[in-house]
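All remarks here apply to the structure that follows.
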Amino acid sequence: MVEKLLEIKNLKQYFNEGKENEVRAVDDISFDIYKGETLGLVGESGCGKSTTGRTIIRLYDATEGKVIYDGVNVHDKKSKKDLKIFNRKMQMIFQDPYASLNPRMKVLDIIAEGLDIHGLVKNQTERKARVIQLLETVGLNKEHAERYPHEFSGGQRQRLGIARALAVEPEFIIADEPISALDVSIQAQVVNLLKELQEEKGLTYLFIAHDLSMVKYISDRIGVMYFGKLVELAPAEELYLNPLHPYTQSLLSAIPLPDPNYERTRVRKSYDPSVHNYADGEEIAMREVTPGHFVFCSEKEFKELKAISQSRV
Ligand SMILES: Nc1ncnc2c1ncn2[C@@H]1O[C@H](COP(=O)(O)OP(=O)(O)O)[C@@H](O)[C@H]1O
Ligand SMILES: [Mg+2]
């Protein structure tokens, strides 16, 4: 049984709304996030992934739309008291752990910040013990508590970012390209740590990435974004085997494989939005082509995609 933890409904985030330089960073997207799952969100740089994450977690007020967490719209100004609880339940891990860790603060104080804000420890002894426990949870140790961020490697800093997020015992973590800035050799370690923590603590993740290679490994379902729109959403395996939107097909064709025969024949498909040739007023929407597999398309495309999917079975 799948239970919804979050429902994102018609979310819009426009910067400089109504002005000449208006950017529709997130333009009317809707999707659910299930309890305990990892939902991958991919798309090229600038398509609105970070803005989606930041709006969900309320770093930005939404221009329009709802983010319903456990039945409560977190963008509803009336539920102020509830909102403090959501600050704990939802945490974010960033791409550049160095930029998000205060260089003048000791690791002890960086990680304890959330504990202090939410009054989760009674005294200094308990505070330190909790920080050490968190450091150990992410594969660091108590000696690290007295050091400063610059004394750590990139992978270790991301571990600090994870420990800081875990401090307040969240249910939901948005990981915004958490491994993009790391050496390839370190990336798998951090992804594995995130997976282990998920199993241990029953966490739910929104995992943002700009390409599809690592996302497949960590995600249960994957959403593909293109210019502020969600264009495809499907179970991870299904998306790889049967990508239906031409933009998803282009993203997949960009992934190199370690097979030299495949590489010799790999054709990088590019996506040309004019292929859709939509008529004026034609309704383009997320439509469910096969169970759980949604594509942003017209009614006409929907019928064609359905026919293609049926012929595959
Ligand atoms: N604070 C901001 N003010 C104005 N424009 C922004 C702001 N943040 C992001 N944008 C713009 O919104 C679009 C989406 O950005 P972003 O969400 O960062 O994309 P991604 O994370 O997919 O690379 C881009 O065109 C970006 O320039
Ligand atoms: Mg981003």
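Counting starts at 1 for both ligands and their atoms, in listed order. FYI, the numbering just counts along the sequence from 1.
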Return the closest protein heavy atom for [atom] as residue, atom name and distance.
atom	result
atom 19 (O) of ligand 1	G48 N, 3.2 Å
atom 17 (O) of ligand 1	T51 OG1, 2.5 Å
atom 22 (O) of ligand 1	K49 NZ, 2.8 Å
atom 14 (C) of ligand 1	G46 O, 3.3 Å
atom 12 (O) of ligand 1	A25 CB, 3.4 Å

field: Y14 six-ring face occupied by K19 cation (under 6.0 Å, within 45°)
entry: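 Judged by the rule, K19 and Y14 form no cation-pi pair.
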- prompt: Does atom 27 (O) of ligand 1 have a protein non-hydrogen atom under 4.0 Å from it?
  reply: no
- prompt: Which atom pair, heavy atoms only, marks the closest approach of I222 to K216?
  reply: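 Taking every non-hydrogen atom into account, CD1-CA, 4.2 Å.
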- prompt: Is a donor on one side and an acceptor on the other found under 3.5 Å between the side chain of H118 and the backbone of L115?
  reply: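 Not at all, since once roles are kept as given, no pair shorter than 3.5 Å links the two residues.
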query: From the Mg ion (ligand 2) out to just under 2.8 Å, does an N/O/S atom of Q95 turn up?
result: no
task: Look at atom 18 (O) of ligand 1 and find which of G228, C47, S50 reaches it with the closest heavy atom.
output: S50
Sub-4.0 Å atoms of ligand 1 with respect to non-hydrogen atoms of S45: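 Those atoms are 23 (O).
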message: Is the distance between the ring centroids of Y226 and H245 under 6.0 Å?
response: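 When the ring centroids of H245 and Y226 are compared, they turn out to be at least 6.0 Å apart.
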message: Residue-level breakdown please: for V23 versus ligand 1, do any non-hydrogen atoms fall below 4.0 Å on the side chain, on the backbone, on both, or on neither?
response: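 Side chain only; the backbone of V23 stays clear of ligand 1.
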task: State whether the shortest distance between N or O atoms of F15 and N or O atoms of ligand 1 falls below 3.5 angstrom.
output: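 No: no nitrogen or oxygen of F15 is under 3.5 Å from one in ligand 1.
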query: Would you say ligand 1 has an N or O under 3.5 Å from any N or O of T52?
result: no
message: Does atom CD (E199) have a neighbourhood of more than 12 heavy atoms from anything else shown, all under 6.0 Å?
response: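 No.
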field: Heavy atoms of other groups near R268 CZ, more than 12 under 6.0 Å
entry: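 Yes, because the 6.0 Å sphere around CZ of R268 holds more than 12 heavy atoms from other groups.
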- prompt: L193 and L166: same hydrophobic cluster, using ILVMFWY side-chain contacts below 4.5 Å?
  reply: yes
Single hit among Q95, E44, E177 for side chain to side chain donor-acceptor pair (under 3.5 Å) with H210: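 The single option meeting the side chain to side chain donor-acceptor pair (under 3.5 Å) with H210 is E177.
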